[in-house]
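A short write-up of the structure that comes next.
Just so we're on the same page: letters track the sequence lines, and every chain starts at 1.
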Amino acid sequence: GQQLNQSPQSMFIQEGEDVSMNCTSSSIFNTWLWYKQDPGEGPVLLIALYKAGELTSNGRLTAQFGITRKDSFLNISASIPSDVGIYFCAGLGYGGSQGNLIFGKGTKLSVKP
Amino acid sequence: GAGVSQSPSNKVTEKGKDVELRCDPISGHTALYWYRQSLGQGLEFLIYFQGNSAPDKSGLPSDRFSAERTGGSVSTLTIQRTQQEDSAVYLCASSLGGTPAYEQYFGPGTRLTVT
């Protein structure tokens, strides 16, 4: 079945640093979504991408839908402490149920000790 | 509130008992989804409702799992004869549905612990 490989699995950030994470797949996806989940809460939608090559920003967040439709990345610029959490990519593939998003396993952002 | 709400927020049950989890979607959203999130894992799709169409049940892990959506709004996920491996956070999401927008908005989840 379709799978998303999200990396890195975890990373530590220092305030002010830029952060980058990505998702790749062997399958084509026609929609990419990026979510953030805080402890004890449901994921919150950050950015939605619908066209190959699309680059979309939401404040300090920038995400791109890869040209091949098989990957996407999320960048966070000038990170702040509240950026800590788990970030998930999700894709909607071709041919599947219209509601069936495939999720990556998440990238956990923590603060450097 | 305007968001997706779920109840209960936490549920502890004994192995073998049945449980019901409730989801109230965002008003006006025609699509409703259930996911399961095990500790440290991504979200696993369970079932999807769109309007009056037959639900997509392809993600339900066994016949102990079922869900219904009454009146195109509130949904209940039922797990019969619960097992310890059913312990997880069950998340509900809703969206406007249709193409091309599949932006799903999630509730806070129900944490289910089977002892």
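Under the 4.5 Å side-chain contact rule for hydrophobic residues, B:L60 and B:Y35 do not share a cluster. B:L77 and B:Y48 fall into different hydrophobic clusters, where Ile, Leu, Val, Met, Phe, Trp and Tyr residues are linked whenever their side-chain heavy atoms come under 4.5 Å apart, directly or through other members. The same ILVMFWY cluster, assembled from side-chain heavy atoms under 4.5 Å apart, contains both B:L21 and B:F49. Note on A:M21: it clusters hydrophobically with A:L61, by side-chain heavy-atom contacts below 4.5 Å among ILVMFWY residues.
Within the 4.5 angstrom heavy-atom criterion, atoms from both the backbone and the side chain of B:L43 approach chain A. In this structure, chain A has a heavy atom under 4.5 Å from the side chain of B:Q37, while its backbone stays farther away. Residue contact with chain B, scored on non-hydrogen atoms closer than 4.5 Å, involves the side chain of A:Q37 exclusively.
Of the inter-residue distances, the one linking B:F45 atom CZ with A:F103 atom CZ reads 11.0 Å to the nearest 0.5 angstrom. In this structure, CD in B:E103 is found 10.5 Å from CG in A:L101, a value given to the nearest 0.5 Å.
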Next on the checklist: One pair to check against side-chain contact (heavy atoms from CB on, under 4.5 Å): A:V44 and B:Y105. What are the steps and the verdict?
Outcome noted: CA-CA 7 Å; A:V44 173; B:Y105 295 86; over 6 Å; no

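Open room surrounds CD on B:E14; 12 or fewer heavy atoms of other groups in view lie less than 6.0 Å from it. Residue B:Q83 places its CD atom among more than 12 non-hydrogen atoms of other residues, nucleotides or ligands, all under 6.0 Å distant.
Counting only distance, with no hydrogens or angles, the side chain of A:Y35 and the backbone of B:Q104 share a donor-acceptor pair below 3.5 Å.
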